[in-house]
Structures are given as C-alpha cells and as structure tokens.
Number of protein chains: 2
Amino acid sequence: MRGDFVRPATLTDVANRAGVSAATVSRVLNRSNLVSRATRERVERAIHELEYVVNGHARALAAAASEVIGVIVGDMSDPFFAHIVAGVQDQTFLAGQLALVCSTGSDPLREIRQLEHLRRLRADGVILVGGSVRDADHQLTLTRLLSGFHNRGARVVLCGRPPIPDLPKASAITFDNTGGTMRLVEHLTALGHKRIGYITGPPLRSTSRERLHGYRIAARDHDPGLIEQGTFTRESGWLAGHKLLQRNDVTAIVAANDVMAAGALAAARASGRDVPGQVSVAGFDDIEFCQDTHPPLTTVRLPLREAGALAGRIACGLDEPPPTGVVRLGAELVVRDTTGPVRE
Amino acid sequence: MRGDFVRPATLTDVANRAGVSAATVSRVLNRSNLVSRATRERVERAIHELEYVVNGHARALAAAASEVIGVIVGDMSDPFFAHIVAGVQDQTFLAGQLALVCSTGSDPLREIRQLEHLRRLRADGVILVGGSVRDADHQLTLTRLLSGFHNRGARVVLCGRPPIPDLPKASAITFDNTGGTMRLVEHLTALGHKRIGYITGPPLRSTSRERLHGYRIAARDHDPGLIEQGTFTRESGWLAGHKLLQRNDVTAIVAANDVMAAGALAAARASGRDVPGQVSVAGFDDIEFCQDTHPPLTTVRLPLREAGALAGRIACGLDEPPPTGVVRLGAELVVRDTTGPVRE
DNA sequence: CTGAAAGCGCTTACAG
DNA sequence: CTGAAAGCGCTTACAG
C-alpha cells in the first residue's frame, strides 16, 4: 500500500526555477564564492520554495566524499560505550559529519556485517570502540576490511582497543587497563588483603585480557582458583561473586567492570557479608552509578568521553593522527567505600 | 598527506574480469535467479578476487532505496535511550538495514540538523526516540521535515513520544507515563503518605509533562511547592531532593526518572534521613541499576527494549503500522525497598 | 561569474 | 539466461 509519492525536487528542478544551470546551483550549495550575489539569492529562493534537499547519495557518488563517519560499538546500553559515543558525536557534529553508530551486540559476525555496510556507504572514517576479539579468523577478516578503508583514504581509529600490527596506519586510543588494575590491587594489598578474588570479562576480549594481566602482575603468587569468569553483565558478576564468596579465605573481590562489581556487591549482601567490613569489592570504569551503589563503589576511572572526542576528531580529520599511531590515556584509582582494611 | 589511494573495484571491473555484462553482475549482487549457475559462480569469484564492495550511494541513487534507517535520540548515555536503541538495532539488523543512530544532546537545533542529514541520505525510515519539545516553532519545522519523509514513502515512527496531529501517517509508540505515575503515587498514598514531593523533568518535554500530569491527578490537593524542577540528570535530582527535604512535612519523594531518584536518594542519605524509615523515594523507568541503589529503588517499569524492537520493525517494513497509528505500551509498578509506610 | 558536458557506479526495463 | 542503453542526481574540470 505504499502508493504514489511525491518525487522530491532535484537540483535540476531548482536550476529551472531559478533560470540558471545545474552547475550554478551546485556552486551555491557548496558555498563556492564564484556566484554573484543576485544569482545566489535567486537560487536560494528556489531552493526554499521547492523545499529542496540535496541527495546525499548523488553527492557522495559525484564527489567521492560521504560526510559519514561510522562508529561500531559492542552494546549501546553499556555505559562504557555510551559515554565514548557521546564524546564522538559532539565532535562529528562540530565537523558537520554524520556519526553513524552501529551496535554489534558483541557478535563478531555482526561487527563484520556492519563494517561492510559502512564500506558500501564509503564512510570517510570509521571508529571501532571497545575491546577486540582474539580470534585469528576474525582478526584477519577485520584487518582486510579495515585496510579497504585505508586504501580509499578513509581514516580508521581504534578506541579502547589495542593497535593492530598489520594495520600501522590506523590510530589507536588505548586505556591503561593493566596499570589501572594494578593500582587497584595494590590499594587492596596495602589494606592488608592477601587473597583477592578476580572476576574477569569474556576471555577473548582485549579489555578483559589487559585488565586480567594487571591483576596477575599485582596479585603475585595468586591462586588460579581466585579467578572467576564473567561476561561484563551484572548477572554474571553476581554468579561469579557468589562463587568466590563460598571460599572463606577471600577478603576482597575485584571485578573487571563496574556492572559486574555491582552484581558481586549484591551477592555479598545476599550472603549476609558486610562490605567493606567482611569483604571489599571494587570495579572498573567509574560509570555514574558507582556513587549510588551500597556502599559507593571503589573503582578505576577511565576518561571515556575524552577518548571518544579524540577519536571523533581524528576520524573527521579535525586533528592529525598521533605521530606514533597510539595515544595512551590514563586510568585513575577512585577510592570510595567498598574497600577497607582486612579484619582478621 | 592523504596521498594516492587505490580506487576501489567497481561493478564494471567485476564484469570485465568475469567476462560478463554489468547487468549480470548486478543480478548476482541482488540475488536475482535469472542467472545461470556457472555464470553466477564466475561472477562471485571475480567479486572475491577483486575484494569488490558495492557502492551503496550508487545503488541508492539508481534504485531509490537506501537500506538506511535513521534513529534520533536525545542522549546515548541515558539508559532510557540506550535500551530502546538496542531494541531497534536487533530488528534493523534482521532486516538487513543499517540503523543510523544520531544523538542530539537534547538540543532541538541539533535534532533538526540530524534529520536534514537523514533526508539527504534518503533514509527508508526514521525513528524519533524520546520526549518531544513543546515549542511551536520547533514543532512546525519538525512536522515539515517529517512530512518530507512521508511524501517520499519513507516510514516515520515516534517512539516514547506522543503522536503529531498534523502528521497522521506517522506511527507512534507511547508509554503510559501518566498512568504509571498515578499508580506509583497511589502506592505511596496507600502507605499513608500525604505530602509527596515530586521532581519533574525539563518542563517542555512531553515525557516530563505526562508524568507530572499523573502526579497531579493522583496527588490531589497537592501543594505546588511540593514540585521541584529537575533536568533528568543525577545532579539535578540531588539538588531538587535536597530542597524538598528542607520542608519537614515531606514524607515521600517521587522523581520523574530513576537517575534523578538516585540523586534524591543520595541527598536523603546526606541529610541523615533513613530511607524508607523517614522518607520514601521512587523513580521511573526501571533501568538496571535500580537493583543496586541503597536501598534498591521502587520505580515503574517501561518496556523499553520491546518498544524499540517494535519501532524498528515498523520502520523497516517488517511489521505493518498500527491501524490506529498508535500503540500504547503499559507501565508496571515495581515495588522495592525505598518505599514504606509513614511513621508519624 | 556562468554554462555545457562528461562522469561518478549502480539498476532496470527492453530486446533478444 | 544475457546484454546494450538509459537514467538516477549530483560535481567538476573546461571554456568562455
């Protein structure tokens, strides 16, 4: 039933109405100053009267520039991604580009599909947000796809994801996941904790691996049984926390992100444990609600919005890519009320 | 320094390599079954060898269909939007469309700009998510722009936003904001609360107005001084909560969303008030962290992801638009631990 | 400052 | 089942 529709006005329609050539209309559209004032005004009136909207596809085809920046994220409802994306969009808007945000639901296949879509649209830039998946096949496909962007002259930015060795021209903005986790664990060690449980993220994600690496360095001589597997969701944090609490020697639990830490906190409460009296808990990212958990959560702050803004600026060509290809952003320990001294 | 780049392979390149015409390649691309098996295989090999990626702009221009669905949201880092968008994207992915999510930062001007961008891209559908702004000029521009989409045959869906009278062909998916708030206030009334403070959202947003309206109906004879202005942020909830708590007659505080309720909760704690012993607090939306506030927050649950999925299906043409143009979704009271009986 | 013409890379009747 | 040709709506040298 999608019957007969109005054909939108074209540039030719505008040219006819204004009594000029298509080239002249195009010049007005692109703010060329090779147009006399009178002509410009006539054209602008025609544009207004016809409610003319330039066809972005025709323009992209003729000019070989799309005004589109692709942003690929894992999961929009995860604050980690949401904050980075907000930073990106502030900048793309300033640059007059359209940030096209696609979410993969953490599915590698969907990541590939979305990238293909972006290549079809000849995106001027593409930003991959969040941890990469350690899977040889997937990495190969990804690298091939991304070099396709590069070969066209499109900019590739990795944000919160390690550089890809086979893709030296891509810019990478990374977080100090390892160092941040180390400082967090050392903070607990200084409080007297010796048996510190750790809830890690999905095993193949670079973010998980880097944070876990920090734990392994700082928690020397740790028992491998102190590490539980999570999936970055609250539910998985609850389950893993519950398991760790069944070991009576654990006096502190560190989760690889705040959402899982919130789950572990709930598990501690459910088991009747006082936090931080009987067990300390800590997270990672410092998303807003850390202030509102019970008690407020000790965590590590990542400059998410700033990272997104930087990625956006590079992708739009507003900033030059970093000379070394990599910008490493800090991670700051934020001590709140879920961590305290061990009471033996 | 963006020097000489590789020209991506075109359909003609593929045709030459495979020794067929462009039309045949196009047929293979579009899965037409008017191609012999042998020819198809030859073309597919050429596509693979050349790493050919169809140019979406050329295709959109020739076929007058863009495979793009635009989604306009206020603020990605607000879980309210994030959950709706996740629902949308599940469906657009199934439909093979690209969901192009643009955020306006709650700026009406930016909303218009993003819509113009989507019109240029000849989006097949557009979804406006979240409350509309009550401003005559802005509404007029918006309506004009949206009818431009309609006239082209693109689908317009309003999600979590009231129908626009001048735009009867648009589908609207609305939440029972008023009824949900009424049930929440009645729950408090049943617990003996007589002086219930209310923290409202930005005054011009439809969401704020509908929720406030529910409060006004249910809290009959309320003192206008019991209503404080917020902006849907945690900070504004803290401030408004702080003000309300200075009135010693207030025994309960309802906020127009969970994020502000979390702020109010923190303000109550800061003032040394026990929740719910001395003051009850409640929010709206039921975002995930409501389970982790201290104490867990009483609120009203909105089917955000379902709403997004429905909007996505309609926008992609997977589902027919609702016959009446409007789908009204429920709002369910979720009683947790921040609300309790009045202790006089 | 302005216009005619070619070209961007596809799809789609039309013929065969 | 396949191809030649026109056309989608712009931009961009090239001339003037």
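So you know, we letter chains A, B, ... as the sequences are listed, proteins then strands, and number each from 1. Small disclaimer: the values here were computed from a predicted structure and weren't measured.
- Atom NE2 in B/His57 sits roughly 13 Å away from atom C1' in D/dG9 (whole-Å rounding).
- The two residues A/Tyr52 and A/Leu11 make their nearest non-hydrogen contact at CE1-N, 3.4 Å.
- For B/His57, the ring pair (Phe, Tyr, Trp, His ring centres under 6.0 Å) criterion is met by A/His57, not counting sequence neighbours.
- Whole-Å rounding puts the A/Leu34 CG to D/dT11 P distance at 14 Å.
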Quiz item: Which dot-bracket string describes DNA chain C (Watson-Crick N1-N3 plus N6-O4 or O6-N4, or G-U N1-O2 and O6-N3, all under 3.5 Å; [ ] crossing; | other strand)?
Solution: |||.||||||||.|||
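- Phosphate contact (OP1/OP2 of C/dG3, side-chain N/O of A/Thr24, threshold under 4.0 Å): present.
- The side-chain contact (heavy atoms from CB on, under 4.5 Å) test with A/Leu158 singles out one residue from A/Val326, A/Ile127, A/Leu167, A/Ile164, and that residue is A/Ile164.
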Could you go through nucleotides 5-8 of chain C and list every protein N or O atom that sits under 3.5 Å from one of its N or O atoms, giving the distance for each pair?
none

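- In this structure, A/Arg119 does not pair ionically with A/Glu116, as no charged nitrogen and carboxylate oxygen lie closer than 4.0 Å.
- Between B/Leu121 atom CG and D/dC10 atom C1' the separation is 14 Å, expressed in whole Å.
- Two residues are said to be in side-chain contact when any heavy atoms from C-beta on lie closer than 4.5 Å; A/Val129 and A/Arg161 fail this criterion.
- Contact annotation: B/Ser36 side-chain N/O to D/dT2 OP1/OP2 distance is under 4.0 Å.
- Salt bridge annotation for A/Arg45-A/Glu41: absent, with no cationic side-chain nitrogen under 4.0 angstrom from a carboxylate oxygen.
- Among the heavy atoms of the strands, none lies under 4.0 Å from A/Val25.
- Here C/dC10 presents its P atom at 12 Å from CZ of A/Arg119, a figure rounded to the nearest Å.
- To the nearest angstrom, P of D/dG9 lies 15 Å from CG of A/Leu29.
- A pairwise comparison of heavy atoms in B/Glu320 and B/Ile314 identifies O-CG1, 4.1 Å as the closest pair.
- Put simply, B/Thr12 has no side-chain N or O that comes within less than 4.0 Å of OP1 or OP2 on C/dC10.
- For the pair A/Asp90 and A/Arg305, the salt-bridge criterion is met [side-chain N within less than 4.0 Å of a carboxylate O].
- In this structure, CG of B/Asn55 is placed 6 Å from C1' of C/dG9, rounded to the nearest angstrom.
- Annotation: side chain of B/Leu310 is not in contact with side chain of B/Gln91 (no heavy-atom distance under 4.5 Å).
- Nearest nucleotide to the side chain of B/Ser26, out of D/dT11, D/dT2, C/dT12: C/dT12.
- Backbone-only engagement by A/Val20 is indicated by non-hydrogen atom pairs under 4.0 Å involving sugar-phosphate atoms exclusively.
- The side chain to side chain donor-acceptor pair (under 3.5 Å) test applied to B/Gln97 returns no partner, not counting sequence neighbours.
- Side-chain contact between A/Asn30 and A/Arg59: present, with at least one pair of heavy atoms (C-beta onward) separated by less than 4.5 Å.
- Between C/dG3 and A/Ser21, a contact under 4.0 Å exists linking OP1 or OP2 to a side-chain N or O.
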Polar atom pairs (N or O), protein with nucleotides 14-16 of chain C, under 3.5 Å:
none

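- Between B/Asn30 atom CG and C/dA13 atom P there is a gap of 12 Å when expressed in whole angstrom units.
- For B/Thr174, the side chain to side chain donor-acceptor pair (under 3.5 Å) partners two or more places apart in sequence, or in a different chain, are B/Arg328.
- The nearest whole Å value for the distance from the CZ atom in A/Arg122 to the C1' atom in C/dG9 is 9 Å.
- Side-chain atoms of B/Leu11 lie closest to C/dC10 of the nucleotides C/dC10, D/dC1, D/dT11.
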